[in-house]
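Working notes, beginning with the structure itself.
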Amino acid sequence: MGLLDTLNKEQRQAASTVEGPLLVIAGAGSGKTRVLTHRIAYLIEEMGVMPWNILAITFTNKAAGEMRERVDKLVEFGAGQVWVATFHSTCVRILRRYIDKIGYDNNFTIYDTDDQKTVMKAVLGYLDLDPKKYKERALMGAVSSAKDELITVEQFERDAAGDYNKSIQAKVYREYQDTLKKNNALDFDDIIVKTVELFRKCPEVLDSYQERFQYIMVDEYQDTNTAQFELVRMLAQKYRNLCVVGDDDQSIYKFRGANIRNILDFEKYFPEAASIKLEQNYRSTRPILDAANAVIRNNTGRKEKALWTGRKGGVNVRLCQFDSAYEEAEYIACNIRQKVEKEGAEYRECAVLYRTNAQARLLEERMLMEGVPYNVVGGTNFYARKEVKDILAYLKTIDSGRDDVAVKRIINVPKRGIGNATLEKAEDFAQLYGIGLFEALERADEITGLSRAVPKIRPFTELIRKLRGEEYRGKVADLIREVVERTGYEEYLGDFDEEGGEDRIGNVDELLTKAAGYEESSEEPSLTGFLEEVALVADIDNVDGDDNRVLLMTLHSAKGLEFSNVILAGMEDGLFPGYMAVNSDDISDLEEERRLAYVGITRAKDELTLTCARMRMIKGETQYNPVSRFVAEIPMELLDREFGPQNRRKGAWVSDDSFVRRNDFGKTFPGDDKARGSAEAWGSDGANGPGSTFGTVRGGSGEAGGNGGTGSGSGMETRPKAIIRPKATVKADKPYIAKGISSLNELAGISKGAAYKAPAAIDYGVGDRVFHVKYGEGTVMHIDREPRDYKVTVEFDKAGQKIMYASFAKLKRV
DNA sequence: TTTTACTTCGTTTTT
DNA sequence: CGAAGTAAAA
């Protein structure tokens with residue numbers, strides 16, 4: 001059987017064990033996707049399983065896409081019938097069909113974090129809770145984790161009995177959920193939870209899916225939460241052909257409800273389960289792998305495994321410490337450029353990984369200055385940008401009209417002179433009659449005290465009604481164009497664009513492109529379908545390996561990827577591991593950070609560089625943090641300290657005796673004693689200067705910071721409460737970068753955003769007569785060339801002078 | 001109703 | 001340091 005010939009023994013076993021539950025512990029780079037795809041192929045080609053009886057679940061669309069592609073290549077016929085999708089899109093597809101059985105409309109909308117926040121704010125107002133005392137963020141967290149654990153409102157209320165705080169949360173939970181229901185909306189958690197609810201309430205629906213999905217595979221299983229586990233368990237219950245693949249050492253989504261017990265206890269839930277370990281790594285060199293192993297070894301309660309590689313040679317892990325984060329960024333940018341220019345590396349083979357998104361800014365600035373092409377992954381999701389969300393809110397309103405959050409968002413955007421007073425009256429009316437906000441607005445003339453606002457409201461409701469017309473069905477791009485056009489959205493944005501520098505118009509333009517792309521790729525394009533697709537994409541999904549750029553992203557985003565050259569930036573205690581984890585009294589928080597470090601290290605194929613800075617601005621204050629404890633967990637013989645030439649030239653390099661002076665954490669941090677051995681190798685304490693100060697520098701009085709001498713290493717279990725917010729701030733001495741660069745785009749010229757496209761050609765010039773759909777004929781007065789578009793000034797015969805963007809205006813020469 | 005100036009507060013991490 | 005929210009003014 002040739003199909004599995006290219007696999008090693010364990011992989012082959014995993015791919016061919018198809019009956020019954022199977023747990024595959026797949027170490028980093030051990031070829032798990034290979035196993036999964038071959039397993040699917042094996043099921044179809046060797047076992048005669050029908051492709052549509054196979055379900056493969058991933059976490060990101062990107063992973064799903066890649067898997068689909070690889071299955072396509074592997075399987076001769078029918079690969080397209082295999083259901084490969086993310087948890088969320090799988091559930092949405094099911095719910096679109098059956099959610100009416102549990103009391104929602106099938107054209108429900110999906111709320112993102114931003115919408116959730118809006119709802120939560122409204123809930124706080126409604127329940128008359130002091131927003132100072134009850135942070136919506138915290139409450140959202142409480143609600144979300146309840147859902148992750150499949151705890152219903154009723155259950156939550158029962159559990160809360162007697163606990164004041166909990167019962168407040170229970171009230172909030174109930175109100176929040178009611179609001180969502182009223183808006184016919186689901187949040188991300190609901191998508192899973194409601195599917196489970198559906199299956200529980202409608203056995204016949206569950207049964208039909210059990211029949212459909214006779215062979216189930218779950219990727220990244222270590223990141224599943226309780227709700228997702230339950231979902232999978234129910235689906236697999238009948239045939240029990242469930243294969244889960246994951247790596248407990250790469251479980252990094254606890255904050256999102258991931259339950260590491262799902263993978264650690266899999267054999268408890270499925271006693272008859274077979275279990276296979278994949279330990280051969282095909283990705284990294286020895287030193288990198290050894291470093292990864294050395295770090296992760298310090299975690300407790302993991303499934304013991306040791307990665308090994310057949311690869312020969314390899315260079316040590318590089319470690320560079322800098323005085324400031326600016327120098328760190330400079331080094332990184334120069335280092336990469338040098339690699340490309342002198343060593344023939346490719347930008348696309350390099351990635352800079354960091355703990356927090358905030359770190360991206362500095363790196364980005366430097367990349368621009370050094371002319372290194374890059375892409376930042378993550379941060380604010382494209383679809384979360386204001387202008388994009390505005391347009392989407394219009395689309396949502398056109399699509400369903402039951403989503404009050406969307407209506408509220410756009411009712412006065414662009415400005416229509418409809419303010420709070422008007423809105424409140426309309427809302428009261430809506431509540432009184434039990435109708436949606438939009439319907440209330442349509443009946444504005446019935447609302448007492450609104451007569452004056454009616455003429456302002458009318459154009460809005462008319463517009464929506466018109467765009468709901470049959471002729472726009474499925475024409476998403478046209479709809480967007482119409483919305484932009486008829487609301488004067490481009491002019492509205494134009495005002496912002498003048499000073500801001502953020503290319504908002506460009507973003508709207510890009511949304512238009514995405515809509516057009518959707519219409520093309522979808523079999524039966526619909527507005528609902530587009531909104532759904534858009535709601536469920538992550539930033540990482542759009543990463544395109546084809547463009548030759550350095551990738552900047554968080555460690556979380558990097559999971560599942562690999563690069564020849566990896567730089568882990570900001571290896572500092574307090575940053576990575578983050579201060580939350582450092583100060584937590586729950587060891588598992590620190591262990592999660594360590595897993596993150598493990599993920600980061602194992603992304604590297606050939607070269608790994610760790611960098612850190614002694615001084616760094618965080619939230620407007622300068623912090624002096626020691627080198628990350630994870631660095632100290634890497635044996636010395638695997639590390640090379642290195643300084644780039646730029647460093648030397650600028651006098652930025654650090655003299656040997658102040659270099660990487662570690663404090664003796666080992667002893668003072670409970671539960672972390674294993675780290676100690678190697679930490680001591682870094683030499684004892686006693687250095688001078690800020691670099692050796694533990695934690696944050698505190699200006700002024702040294703009450704808690706008085707522990708400065710820190711690592712005396714004596715047996716005292718005095719863990720300094722150091723890494724907490726200092727009150728006073730030490731100003732950084734002059735930043736490297738003149739603050740004069742008004743926007744990154746300006747500097748970028750070419751390198752911002754993936755899709756830099758030249759503006760489409762226009763066939764008219766200054767002085768020409770042109771025709772516009774809405775304004776009629778006019779004369780072109782002026783044309784400004786902008787990076788993404790032409791800005792055209794037209795003197796219309798009837799409508800007067802207008803400034804518009806060529807791509808939207810669709811002017812025709814007459 | 002809209003704009004502006006001032007205060008407060010925070011970030012891990014994201015489907 | 002910024003974003004975001006609030007109070008006050010226009």
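Within every chain, numbering begins at 1; the chains are lettered A, B, ... in the order of the sequence lines, protein sequences first and strands thereafter.
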### Inter-nucleotide C1' distance (B/dT11, C/dT6), Å rounded
22 Å
### Message
For a quick check of understanding: with a heavy-atom distance under 4.0 Å over all strands, which category does A/Gly417 fall into, base, sugar-phosphate or nothing?
### Response
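Sugar-phosphate only.
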### Message
Does A/Asn420 reach a base, just sugar-phosphate, or nothing at all? Heavy atoms under 4.0 Å.
### Response
sugar-phosphate
### Message
Nearest whole Å is fine: how far is B/dT15 P from A/Lys194 NZ?
### Response
23 Å
Out of [options], whichever nucleotide has its closest atom nearest the side chain of [X]:
X        : options                : result
A/His88  : B/dT13, B/dG10, B/dT15 : B/dT15
A/Ala421 : B/dT1, B/dT15, B/dT11  : B/dT1
A/Asn357 : B/dT13, B/dG10, B/dT15 : B/dT13
A/Asn412 : B/dT1, B/dT2, B/dT13   : B/dT2
A/Lys415 : B/dT14, B/dT13, B/dT2  : B/dT2
A/Tyr579 : B/dT11, C/dC1, B/dT15  : B/dT11

### Ring center gap for A/Phe255 and A/His556 short of 6.0 angstrom
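Yes, they do, as the ring centres are separated by less than 6.0 Å.
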### Query
For A/Lys386, does the NZ atom have more than 12 heavy-atom neighbours from other residues, nucleotides or ligands under 6.0 Å away?
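No.
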#### Entry: Geometric cation-pi criterion A/Arg256 and A/Tyr253, 6.0 Å radius, 45° cone
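Yes; both conditions hold, so A/Arg256 lies above the ring face of A/Tyr253.
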Heavy-atom side-chain proximity of [X] to [Y] below 4.5 angstrom:
X        : Y        : result
A/Ile418 : A/Ile457 : yes
A/Arg137 : A/Met120 : no
A/Asn299 : A/Ile296 : yes

### Task
Test A/Tyr489 against A/Tyr492 for ring-ring contact (aromatic ring centres under 6.0 Å, His included), laying out the working first.
CA-CA 5 Å; A/Tyr489 198 80; A/Tyr492 166 75; 5.3 Å; yes
### Message
With hydrogens left out and only the distance checked, is there a donor-acceptor pair under 3.5 Å joining A/His556's side chain and the base of B/dT14?
### Response
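Check fails, no donor-acceptor contact within cut-off.
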### Message
When you measure from the side-chain N and O atoms of A/Arg361 to the phosphate of C/dC1, is any distance below 4.0 Å, counting only OP1 and OP2?
### Response
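So the side-chain polar atoms of A/Arg361 never come under 4.0 Å of the phosphate oxygens OP1 or OP2 of C/dC1.
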### Query
Without hydrogens or angle criteria, can the side chains of A/Asp247 and A/Gln222 be said to hold a donor-acceptor pair below 3.5 Å?
no
#### Entry: Secondary-structure stems for DNA chain B, with pairs counted as Watson-Crick or G-U when both distances are under 3.5 Å and runs at least 3 long
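Stem list for DNA chain B: B:1-10 with C:1-10.
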#### Entry: 5' precedence on DNA chain B between A/Gly419 and A/Phe188 (nearest-nucleotide basis)
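Comparing both residues, the 5'-ward one is A/Gly419.
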### Message
Tell me whether A/Phe255 and B/dT13 count as stacked here, given that the ring centres must be under 5.5 Å apart and the planes must differ by less than 30 degrees.
### Response
yes
### Query
Going 5' to 3' along nucleotides 4-9 of chain C, which nucleotides have protein heavy atoms under 4.0 Å from the base (write B), which only from the sugar-phosphate (write S), and which from neither (write -)?
-S----
